[in-house]
Amino acid sequence: SSEVFSWKFLHPLWQSPLTIPGGTRQSPINIQWRDSVYDPFLKPLKISYDPTTCLHIWNNGYSFLVEFDDSTDRSIIDGGPLENQYRLKQFHFHWGAMNDWGSEHTVDCKFYPAELHLVHWNAVLYPTFEEAVMEGNGLAVIGVFLKLGACHEGLQTLVDALPAVKHKDTVIEFDVFDPSCLIPSCPDYWTYAGSLTTPPLTESVTWIIKKQPIEVDENQLEAFRMLLFTSDGEEEKRMVDNFRPLQPLMNRTVRSSFQ
Ligand SMILES: NS(=O)(=O)c1ncc[nH]1
Ligand SMILES: [Zn+2]
């Protein structure tokens, strides 16, 4: 059926439609724990990051990205649901104005105050990230939920640098950071076939969502909320609620690596 376009699909933050017409594997989704299917053939996820591949922090006007040198296989993930190893390109977060919401994915319809995404691309099959973005098996994103609790020591080194990237299109050098300190020790995860949650929204992502959240404290979440969507000199708009609404599951099954 031809999609009837309506301006209601346009999200104020971007100009692209909220649901891709014809999209059958869009993200984020609600993960209904009881509907996820244990897959005994899922392997443990292997994570090996070289902290010296860290380059800089960049406020891109939608989130802040910590970007990595992805010109070699020094920071990679493998195993899990993946058929190839994938190279780390960047990580970023999504968060709310209040602690009651902010994550993109939900678990049994529960929102977390924030969600970390570690974005990787399949450099075995594709020559560039830009090409991998267009392929069904091109990307792998690890999602980690953030919950309110104790101060996260590893995150604090990142939080201390955020005032330097308060405005859109500001960058600060950040040359040694090991993002594995942000990934919970519990190996359990859910996985499903989805999409990028920001433009170009392409259906190229194997999502790997960790079951266990990490704890961060209120000051650390407030530091995220001090960032701005706007450039220096523009009327200030706080960077909050930078998450996409939930998308229909359609004909997909979420698998779990645990029983
Ligand atoms: N939020 S996300 O991880 O799906 C993403 N990464 C790059 C663009 N969008
Ligand atoms: Zn994201």
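Just so you know, ligand 1 is whichever comes first in the structure, and atom 1 is the first atom listed for that ligand. Model, not experiment: these values are computed from the prediction.
In the displayed structure, Lys168 atom NZ is contacted under 6.0 Å by at most 12 heavy atoms of other residues, nucleotides or ligands. Heavy atoms of other residues, nucleotides or ligands lying less than 6.0 angstrom from OH of Tyr38 number more than 12. Annotation for Asn251: atom CG does not count as buried by contact number, only 12 or fewer foreign heavy atoms lying within 6.0 Å.
The ligand atoms of ligand 1 that sit less than 4.0 angstrom from a heavy atom of His94 are 1 (N). Heavy-atom contacts of Gln90 reach the following atoms of ligand 1: 6 (N), 7 (C) (cutoff under 4.0 Å). Residue Val119 has at least one heavy-atom neighbour below 4.0 Å for each of these atoms of ligand 1: 3 (O), 6 (N).
Between Thr198 and ligand 1, an N or O atom pair is found at a separation short of 3.5 Å.
Remark: minimum distance from atom 5 (C) of ligand 1 to any protein heavy atom is reached at Leu196 CD2, 3.6 Å. Nearest protein neighbour of atom 3 (O) of ligand 1, counting heavy atoms only, is His92 CE1, 3.2 Å.
Of all the heavy atoms of Thr197, the ones lying under 4.0 Å from any atom of ligand 1 are found in both the backbone and the side chain. Residue Phe93 does not touch ligand 1, judged by heavy-atom distances below 4.0 Å.
The hydrophobic cluster around Val205 extends to Ile29, Ile31, Trp33, Val107, Tyr112, Val119, Trp121, Phe129, Val133, Met134, Leu139, Val141, Phe145, Trp190, Tyr192, Leu196, Trp207, Ile209, Leu249, Val254, Phe258, counting ILVMFWY residues whose side-chain heavy atoms fall within less than 4.5 Å of a member.
Contact check for Phe243 versus Glu115: no side-chain heavy atoms found under the 4.5 Å cut-off.
A donor-acceptor pair shorter than 3.5 Å can be found between the side chains of Asn137 and Tyr126. A side-chain donor-acceptor contact under 3.5 Å links Thr106 and Asn30. A donor-acceptor contact closer than 3.5 angstrom is absent between the side chains of Glu83 and Asn122.
With Pro179 as reference, Leu88 is the one residue of Leu88, Val66, Thr53 to meet the side-chain contact (heavy atoms from CB on, under 4.5 Å) rule.
Distances shorter than 2.8 Å separate the Zn ion (ligand 2) from the protein N/O/S atoms His92 NE2, His94 NE2, His117 ND1.
Of all non-hydrogen atoms in Leu82 and Leu45, the two that sit nearest each other are CD1-CD1, 4.4 Å.
Residue contacts with ligand 1 leave out Trp121, since none of its heavy atoms falls under 4.0 Å from the ligand.
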